[in-house]
Amino acid sequence: MNVHIGAYKDTRLIYSAETTAAFVHDSTSGSDLLYGKEKVVYGAAGYQGIEKRPEMKGIGIGHLISMTSVKR
């Protein structure tokens, strides 16, 4: 299972959450996390290509997606 969250950048308060099966690509739930007033979306490497998804086209949001996974 994966948990995807939408949170405010400054306060870090969570405003949306979505769970998916592990085999579902991260970018498929990206648009479900939006509430409509975002100007920029930040995401982990799993969200690469989200700006190319049909539901994300033409909504005027900038995408800042990490290019590599963080190793711990």
Side-chain angles (χ1 to χ4, degrees):
M1 296 296 294
N2 290 323
V3 176
H4 310 272
I5 62 166
Y8 295 106
K9 178 183 71 144
D10 297 327
T11 62
R12 299 182 182 161
L13 292 173
I14 296 171
Y15 58 79
S16 63
E18 173 95 13
T19 58
T20 60
F23 65 85
V24 176
H25 194 275
D26 289 344
S27 66
T28 60
S29 64
S31 64
D32 296 335
L33 300 173
L34 303 177
Y35 67 95
K37 296 184 180 180
E38 294 88 349
K39 295 180 182 170
V40 177
V41 175
Y42 300 90
Y47 292 93
Q48 289 180 19
I50 192 169
E51 68 278 358
K52 297 175 187 173
R53 295 195 55 85
E55 62 270 15
M56 298 300 283
K57 295 236 182 210
I59 58 174
I61 294 177
H63 297 87
L64 297 172
I65 309 299
S66 174
M67 295 306 290
T68 60
S69 297
V70 177
K71 303 218 180 204
R72 296 179 192 223

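Along the sequence shown, residues are numbered consecutively beginning with 1.
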>> My understanding is that only residues two or more places apart in sequence, or in another chain, count here; which of them pass ring pair (Phe, Tyr, Trp, His ring centres under 6.0 Å) with Tyr42?
In response: none
> With sequence neighbours excluded, what pairs up with Phe23 under the ring pair (Phe, Tyr, Trp, His ring centres under 6.0 Å) test?
Replying inline: none
>> In terms of relative ring orientation, are Tyr15 and Tyr35 parallel, tilted or perpendicular, with 30° and 60° separating the classes?
In response: perpendicular
> Hey, is the main chain of Leu33 close enough, under 3.5 Å, to the side chain of Ser16 for a donor-acceptor pair?
Replying inline: yes
>> So, taking the atom named CG in Asp26 and the one named CD in Glu18, what distance separates them when rounded to the nearest 0.5 Å?
In response: 11.5 Å
>> Could you check whether any side-chain heavy atom of Val24 comes within less than 4.5 Å of a side-chain heavy atom of Asn2, counting everything from C-beta outward?
In response: no
>> Contact between Ile61 and Leu34 at the side-chain level, heavy atoms closer than 4.5 Å - yes or no?
In response: yes
>> Show the nearest heavy-atom pair for residues Ala21 and Met1, with the distance to one decimal.
In response: CA-SD, 4.2 Å
>> Enumerate the side-chain hydrogen bond (donor to acceptor under 3.5 Å, both in side chains) contacts for residues 44-53, please, sequence neighbours excluded, ordered by first and then second residue.
In response: His4-Tyr47, Arg53-Glu55
